[in-house]
Structures are given as C-alpha cells and as structure tokens.
2 protein chains.
Amino acid sequence: MAARNRGYFDAKGVFALNLVSSPGSGKTSLLERTLKDLKGKIPFYVIEGDQQTLNDANRIAALDVPVIQINTGKGCHLESDMIHDAVKKLNIANDSVLMIENVGNLVCPSMFNLGEHKRVVIVSTTEGDDKPIKYPDMFHTSDICIINKIDLVPYLDTNIEELKKNALQVNPELVFFEVSATKGTGMEQWCEWLESQAKLVPEEH
Amino acid sequence: MAARNRGYFDAKGVFALNLVSSPGSGKTSLLERTLKDLKGKIPFYVIEGDQQTLNDANRIAALDVPVIQINTGKGCHLESDMIHDAVKKLNIANDSVLMIENVGNLVCPSMFNLGEHKRVVIVSTTEGDDKPIKYPDMFHTSDICIINKIDLVPYLDTNIEELKKNALQVNPELVFFEVSATKGTGMEQWCEWLESQAKLVPEEH
C-alpha cells in the first residue's frame with residue numbers, strides 16, 4: 001500500500017513528506033510556521049496523526065489549509081492504508097505538497113513506510129545530543145533532520161555539533177536544518193529547500 | 001510474567017518503579033539525581049531500557065549502583081520477561097528499591113505491565129501542556145507524574161497548571177512532583193515520597 005501511495009503521489013506531482021519525532025519536539029509548530037511562511041507559494045495538504053484529540057488539525061485548519069486528523073487510539077504510528085484513505089478524502093490537487101505529521105514516537109513509525117518521498121525527523125535541542133544513537137532506526141531511515149528549539153540552547157547542556165556527529169554516525173546522508181519554529185530562526189533555508197524539492201517531483205525522488 | 005515479577009518483589013520487600021516518558025524528557029538525569037540525593041538511605045538497583053547503547057547504564061554505574069542495560073533493538077518497550085531475567089542477574093537484596101527506566105516512548109510502554117508497584121510518567125515542560133490528552137493511555141495508567149525541567153519554564157509558552165489540568169482530566173488520581181533534575185529544584189519532595197513508599201512495601205501497594 002505504501003508503494004501504491006507513492007505511485008499516486010508521483011502521478012499527481014505531489015511531494016509527500018513524513019514528519020516524525022518524539023512527542024513535544026515541535027512538529028506542529030514547525031508545520032504551522034512553514035505553512036504561514038510559504039502561503040501563496042505552494043498548495044499544501046496536511047494529514048495529522050495523534051492517539052487522541054483534534055488539537056493539531058484545528059491548528060492547521062485555522063490557517064485555511066485542508067487537513068485530516070487521524071486518531072490512532074492505542075496505535076503508536078500511522079500506516080499506509082490510513083494515508084491512502086485520508087488522501088482520497090482530501091482530494092489532493094496536482095503539483096502540491098502533502099505534509100504527514102506522524103504520531104509522536106521516535107521508535108515505531110521508523111518501521112512503517114507511508115509512501116513518502118522524504119522522511120523528516122525533528123529533534124528538539126531539549127532532548128539532548130544522544131538521541132540519534134539511542135534511537136538509531138529513526139535517524140537511519142530519515143532523509144532530513146530538523147533540529148528545533150535552537151533558541152533554547154543557551155539554557156541547556158546540549159551540544160549541537162555532538163548531536164549532528166551522532167546523527168551522521170547512524171546516517172552519513174542526513175541533511176540538517178537548524179530552526180526555532182516559534183521564533184522563526186532558520187526557517188528560510190528549510191522553506192527554500194522545500195520549494196526546490198516540490199518543483200522536482202516526481203523525477204528526482 | 002508481570003504478576004510473577006510482582007510476587008517476587010513483594011516477597012523480598014522490593015519497591016519497584018517503572019519510569020516512562022518521551023525520549024529526552026530527562027528520565028536518566030532524574031534517576032542520577034535521585035540516586036545521589038538518597039545515597040546511603042536506600043539500596044537501589046536499576047534496569048535501563050534503550051533501543052541501543054550502554055550510555056545510560058554507564059551513567060548509573062558511575063554512581064556505584066548495580067545496573068543492567070537492556071537493549072531492545074527494534075523493540076519499542078520493555079516486557080515483563082526481560083525484567084524477570086534482569087532481576088535474577090542483579091541478585092536484588094531484600095528491602096531495596098528497583099528503578100526500571102523504560103524505553104523513551106510515550107505510547108507503547110503504557111500497554112505493558114512489568115510487575116511494578118508504581119508507574120511514574122515523566123513529562124518535560126519543553127513538551128508543551130497538551131501531551132496528557134494527546135497520549136492519554138500513558139497518563140491514565142500511571143500513578144505519579146513528574147514534571148521535569150521546570151527551570152526552563154520562563155523561556156517557554158508551556159502553562160504548568162494547564163498541563164496538570166489536562167493530566168487530571170485523563171487520570172484524576174495522578175500525584176504530581178515538579179522538579180528540575182539538573183538544578184535540583186523540587187527533589188526533596190520526590191525523594192521524601194520515595195523513602196516513605198519504600199518503607200511501606202509490600203503491604204500498602
């Protein structure tokens with residue numbers, strides 16, 4: 001089903017990203033900021049995953065972006081069939097970008113391909129610099145690593161260079177962006193990358 | 001097997017806690033601080049769970065506390081049979097306290113009873129105030145909620161009262177401690193509680 005999703009995205013020129021992270025690393029805040037910063041430049045669609053609540057979908061809907069919330073109940077990750085159903089309901093336009101925010105979990109979602117073009121792992125500076133080696137599967141299977149909450153570094157013991165070194169040890173291909181989604185720092189580089197990638201669909205992925 | 005673990009703990013007067021949280025919420029730092037603050041007062045044993053690395057066990061061993069690291073590989077939680085094996089290897093003394101640090105995951109470990117007397121969910125102020133309602137199972141099945149990193153509150157949008165309200169909505173019986181494991185704030189109350197509970201084993205649990 002993941003392959004089928006991927007084929008569907010390719011046919012429509014939809015660039016699909018799977019955002020994964022621990023709970024509370026700032027996935028939704030990053031998404032909100034990205035949607036605001038790229039408003040009018042890229043047509044976005046969003047699928048939100050959480051065990052419970054419509055909170056995240058409500059935050060995205062407030063930005064006038066089409067969104068579907070999937071509540072997994074006891075489930076710890078999104079699966080490709082859920083994405084298949086949600087994509088049909090969203091009625092996604094050609095040449096758009098689909099942002100899938102997975103359930104906050106640095107372990108299980110690593111094992112489930114949703115058909116995305118790129119997997120983006122978000123890690124907060126507050127989580128410390130050792131997470132990539134303690135939870136290697138997620139960093140190994142991701143293409144992009146966004147280091148969020150860099151505004152808090154002055155108040156923490158976290159060493160960003162050590163964090164990157166640990167992540168590269170697990171996955172030498174990882175591409176990094178350092179941002180503060182709430183303060184807006186570093187968002188230009190991330191948004192530029194997103195714009196450039198969206199235009200490449202589907203040939204280059 | 002969880003029941004068998006529990007019987008074993010009860011027979012030996014061992015007070016067993018299962019520490020659960022998101023990755024990077026500060027479980028190991030809290031544990032280190034607790035072991036230091038109660039050194040000489042309570043005999044501790046520790047079981048560390050992580051997908052990979054011996055990092056956490058090394059941190060605990062540096063404090064001269066007997067510890068076993070369990071690496072779950074692709075696994076997302078500790079299970080009762082792993083605890084059974086580890087407890088035998090630790091050769092736990094009577095009237096001691098066993099701290100089990102679970103894999104960092106706010107979802108899956110909620111479904112696996114290890115035989116513990118109390119489940120302790122640690123939530124960092126940096127994770128925001130909505131985690132209890134987005135990941136209700138973990139808060140519903142826990143007895144204690146430790147709110148860690150309270151020293152960072154001035155730099156965050158997190159509302160501690162809202163966080164507690166959300167947690168109580170999911171589990172009205174939750175008992176809270178507010179601490180900064182790195183700064184030491186609030187550790188006295190948590191350590192006093194731990195001492196009082198350790199003396200009650202096994203009758204009161």
Side-chain angles (χ1 to χ4, degrees), chain A residues 21-29 48-56 59 69 71-77 103-111 123-140 148-149 151-158 163 166 170 180 182-183, chain B residues 21-29 48-56 59 69 71-77 103-111 123-140 148-149 151-158 163 166 170 180 182-183:
Chain A
S21 82
S22 303
S25 65
K27 286 188 298 306
T28 316
S29 298
E48 287 288 345
D50 268 312
Q51 282 199 290
Q52 294 292 346
T53 80
L54 301 175
N55 290 8
D56 289 355
R59 287 167 65 179
Q69 177 85 46
N71 281 145
T72 58
K74 298 223 174 268
C76 52
H77 59 272
V103 176
N105 182 335
L106 209 51
V107 185
C108 314
S110 73
M111 290 178 277
V123 60
S124 159
T125 56
T126 59
E127 295 168 34
D129 38 45
D130 60 350
K131 292 303 156 295
I133 50 175
K134 288 169 84 173
Y135 304 90
D137 288 335
M138 192 62 95
F139 289 83
H140 181 67
N148 191 22
K149 307 191 190 180
D151 55 304
L152 295 177
V153 168
Y155 315 111
L156 306 170
D157 297 327
T158 305
L163 172 59
N166 286 333
V170 173
S180 164
T182 53
K183 306 282 188 260
Chain B
S21 80
S22 304
S25 65
K27 286 188 297 305
T28 316
S29 298
E48 286 288 345
D50 268 311
Q51 282 199 291
Q52 294 292 345
T53 82
L54 301 176
N55 290 8
D56 288 356
R59 288 167 65 179
Q69 177 85 48
N71 281 146
T72 58
K74 298 223 174 266
C76 51
H77 59 272
V103 176
N105 182 335
L106 209 50
V107 184
C108 314
S110 72
M111 289 179 279
V123 60
S124 157
T125 56
T126 60
E127 295 168 35
D129 39 44
D130 59 350
K131 293 304 157 294
I133 51 174
K134 288 170 84 173
Y135 304 90
D137 287 336
M138 193 62 96
F139 290 83
H140 181 67
N148 192 20
K149 308 192 190 179
D151 54 306
L152 295 176
V153 168
Y155 315 111
L156 305 169
D157 297 327
T158 305
L163 172 58
N166 285 333
V170 172
S180 165
T182 54
K183 305 283 188 258

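For the pair B/Gln51 and A/Leu106, the tightest heavy-atom approach, listed with the atom from each and the gap, is OE1-O, 4.5 Å. Pairing each heavy atom of A/Val107 with each of B/Cys76, the nearest pair is CG1-CB, 3.4 Å.
No donor-acceptor pair under 3.5 Å is formed between the side chain of A/Tyr135 and the backbone N or O of B/Gln52. Formation of a donor-acceptor pair under 3.5 Å by the B/Lys149 side chain with backbone atoms of A/Thr126 is found in this model.
With a 4.5 angstrom heavy-atom cutoff, B/Lys131 touches chain A only via side-chain atoms. Contacts of B/Val123 with chain A are absent, with no heavy-atom separation under 4.5 Å from either backbone or side chain. Using a 4.5 Å cut-off between heavy atoms, B/Ile133 contacts chain A through both its backbone and its side chain.
Taking CD of B/Glu127 as the start and OG of A/Ser25 as the end, the distance is 9.0 Å to the nearest 0.5 Å. Atom NZ of A/Lys134 and atom OG1 of B/Thr53 lie 6.0 Å apart (nearest 0.5 Å).
Checked against B/Ser22 for a side chain to side chain contact (heavy atoms under 4.5 Å, CB included), the options A/Pro23, A/Ser124, A/Ser21 give a single hit: A/Pro23.
Your options are A/Asp56, A/Asp157, A/Asp151, A/Asn71, and the one with the most heavy-atom pairs under 4.5 Å with chain B is A/Asp56. Between chain A and the options B/Cys108, B/Gly128, B/Gly104, heavy-atom pairs under 4.5 Å are most frequent for B/Gly104. Each of A/Thr72, A/Asp130, A/Asn105 has some count of heavy-atom pairs under 4.5 Å with chain B, and the biggest count is that of A/Asn105.
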